Visitor: 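My structure is below; once you've seen it, I'll send some questions.
Because the structure is a prediction, the values reported are computed rather than measured. One-based numbering, in listed order, for ligands and for the atoms of each. In what follows, residues are counted from 1 in the order of the sequence shown.
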Amino acid sequence: METAPASSWRRQNASYNLVGNKCEKCGAVYFPSRIICKNCGRESKLREHKLSGDGEVYSYTKITAPSDTFKDDAPYTIGMIKTAEGPFIEGHVVDNGKDVKIGAKVRTVLRRMYADGEEGLIHYHYKFELI
Ligand SMILES: [Zn+2]
């Protein structure tokens, strides 16, 4: 998967720091950020909000037949994580040799995802590590 450096740069705050937004009117938290709060519509007062990075495994699947981008990582686990603040986020699960289970606690870590070829840009992204 090749990604233009400019688009990687634009997504950096979400991809590296788990920054979404929060509606100051109703308290709803969004990740990725939304332009309008789905509860408040035109009355939305959304502000940048950094998620804690804590959550739990809501569901998961083991990938044994990956795309070319992640062929060296297989088998690996992709999880749907319910964050402490509410939003559900999909991502790679770092199991550190433990069994991935529904309800297992995770924290967000920044890890290498893939590189654009042997000498290309190395892409980093959040992953969810079992704790
Ligand atoms: Zn709202």
Visitor: Taking salt bridge (Lys or Arg N to Asp or Glu O under 4.0 Å) as the definition, give me every residue that meets it alongside E24, ordered by chain and number, with sequence neighbours left out.
Guide: R47
Visitor: Please report the interatomic distance NE2(H49) to SG(C23), rounded to the nearest 0.5 Å.
Guide: 12.0 Å
Visitor: Quick test of your reading of the model: are E56 and K105 salt-bridged, counting only N-O distances below 4.0 Å?
Guide: yes
Visitor: Do the ring centers of H92 and F70 come within less than 6.0 Å of each other?
Guide: yes
Visitor: With clusters defined by side-chain heavy atoms of hydrophobic residues (ILVMFWY) lying less than 4.5 Å apart, directly or transitively, does Y58 cluster with F128?
Guide: no
Visitor: Apply side-chain contact (heavy atoms from CB on, under 4.5 Å) to residues V93 and Y76 and explain how you reach the verdict.
Guide: CA-CA 8 Å; V93 176; Y76 60 92; over 6 Å; no
Visitor: Which N, O or S atoms belonging to the protein are less than 2.8 Å from the Zn ion (ligand 1)?
Guide: C23 SG, C26 SG, C37 SG, C40 SG
